[in-house]
Number of protein chains: 2
Amino acid sequence: MLELRLVQGSLLKKVMEAIKELVTDANFDCSASGFSLQAMDSSHVALVALLLRSEGFEHYRCDRNISMGMNLNNMSKMLKCAGNDDIITIKADDGSDTVTFMFESPSQDKISDFEMKLMDIDSEHLGIPEAEYHAIVRMPSSEFARICKDLSSIGDTVVISVTKEGVKFSTRGDIGTANIVCMQNTTVDKPEEATVIEMNEPVSLTFALRYMNSFTKATPLSNTVTISLSNELPVVVEYKIAEMGYVRFYLAPKIEEDEDETKPQV
Amino acid sequence: MLELRLVQGSLLKKVMEAIKELVTDANFDCSASGFSLQAMDSSHVALVALLLRSEGFEHYRCDRNISMGMNLNNMSKMLKCAGNDDIITIKADDGSDTVTFMFESPSQDKISDFEMKLMDIDSEHLGIPEAEYHAIVRMPSSEFARICKDLSSIGDTVVISVTKEGVKFSTRGDIGTANIVCMQNTTVDKPEEATVIEMNEPVSLTFALRYMNSFTKATPLSNTVTISLSNELPVVVEYKIAEMGYVRFYLAPKIEEDEDETKPQV
DNA sequence: CTATTGAAAA
DNA sequence: TTTTCAATAG
């Protein structure tokens, strides 16, 4: 028996919007500690990891660990039927091959329930090692989204270079080149507007903008984004979910000087 | 000679937006009592009835009953040229085959007139008997629109079931099932937010969501919608037009247990 | 927060 | 053309 009651239902709606472009089918794993997901994108290049800790739910009951395979597009369709300030409850009976989403309007006079078939999905759960990163950049998520969008109108890849002073995003395309530098800046009115750089070693890595732009679909989840970089490691683009957890995206760097379109593997 | 002056011109614009998706050509009938229309939708499944009583016009002159055939798309194009707080006057000379729409800006410094050709349209004017309905639901029009939109992302038809406690909207599709229950609720701050159920007998009827969604184009006309249901009778979805009349939509229920796509007749 | 509108992208 | 995104108004 599984019953998870989330007062701020809009969070779950935003999570779905954030990941459904990248991942079409995935297993949601429920345990006593929380509700999580880990999945490769359909071209097996990027990895998405979601965690919603049990403490963030108003009510959290998960008698035994279960893994529920869902089509994220269908799940998203149903979640779109929830109002933005509805309370969402996810329910599944033991052994059932369906999951039920229940939506309660704030005034409690409208109650909806949507039942969806579960699916069997093979998935290797990758252990993601905690790594030390050469550089960690925290910046406003909207600014990062704007940069990725702007650069993708010029080129296909972005070189992210971090120095103590700032982070530089560069691209190159048929029509020219572009460089956007964000200086470290901690003297802003609101902490979420700061650009903060923690750096042990300078790094410069190249990524496909197509994936970066998919990651920025998570922008509504958080005012800030954290980008963790190391040479030879996948970048981690993390959006924290207040009081509950995170959505993290992993993407392997392209090997520099490699001008063709070979797909890197995570 | 016909001359109808409507101070709140936006009403007429909204009426056109409400019905032009369903009806392409129709006769507008003018008499001393008012300006009305009755027409089947192009697939002859739903019926639209409009009434604007003469008392709602600032000036109403209609020397003799006339029926003016108009293409609603063209009429809508012209009405879109009126500002939302323009005063609209509809004029037609006896025996003329055109109608003129005149728009006066509130400040009276801009006066437009648009002349449109009338057309000959055959139409049987159906007498719609006043019926006793088993159940009448009044609810916020925006909520009804939201429900029809949400359900149509899951299935093609909606089952509307009314009990004393509330009204349930259900659908079923490839990806799962959905049920939305709205409780009777008369204890709200504003009367237009109430959900009120008058029921003599429980009813449960099935309708095509495609038509329901067309009906909800009338949502801007009124804060509330009234849904009148009886077994074996077409449902009536009514949007009242303040001080003037109504737009009513009629749609025959699908015969239950009928899984194929036969079109019901009104 | 929702709804509408206009602009931009697929 | 259809769909989606962003922005603004209520």
Undergrad: Give every donor-acceptor pair under 3.5 Å between a side-chain atom in residues 135-145 of chain B and any protein atom, sequence neighbours left out.
TA:
residue	atom	partner	partner atom	Å
B:S141	OG	B:S222	O	2.5
B:S141	OG	B:N223	O	3.2

Undergrad: To the closest 0.5 Å, what do you measure between NZ (B:K20) and NZ (B:K77)?
TA: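 If we round to the nearest 0.5 Å, B:K20:NZ and B:K77:NZ are 10.0 Å apart.
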Undergrad: Could you pull out all residues at least two apart from B:D86 that satisfy salt bridge (charged side-chain N to carboxylate O under 4.0 Å, His left out)?
TA: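 With neighbours one apart ignored, the set is empty.
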Undergrad: Rounded to the nearest Å, what distance is computed from the NZ atom of residue A:K77 to the P atom of nucleotide D:dT3?
TA: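 Roughly 12 Å, once rounded to whole Å.
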Undergrad: For A:N84 and A:K149, take the nucleotide of DNA chain C holding the closest heavy atom to each; which residue's nucleotide lies nearer the 5' end?
TA: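 Per heavy-atom nearest nucleotide, the more 5' residue is A:N84.
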Undergrad: Does the ring centre of A:Y60 sit less than 6.0 Å away from the ring centre of A:F35?
TA: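 Not under 6.0 Å, so no.
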Undergrad: Ignoring hydrogens and angles, tell me if any N or O in the side chain of A:K13 forms a donor-acceptor pair with the backbone of A:A82 under 3.5 Å.
TA: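 Answer holds: yes.
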Undergrad: If you walk 5' to 3' along DNA chain C, what is the first nucleotide with an atom under 4.0 Å of a heavy atom in chain A, and what is the last?
TA: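 Boundary nucleotides touching chain A, in 5' to 3' order, are C:dC1 to C:dT2.
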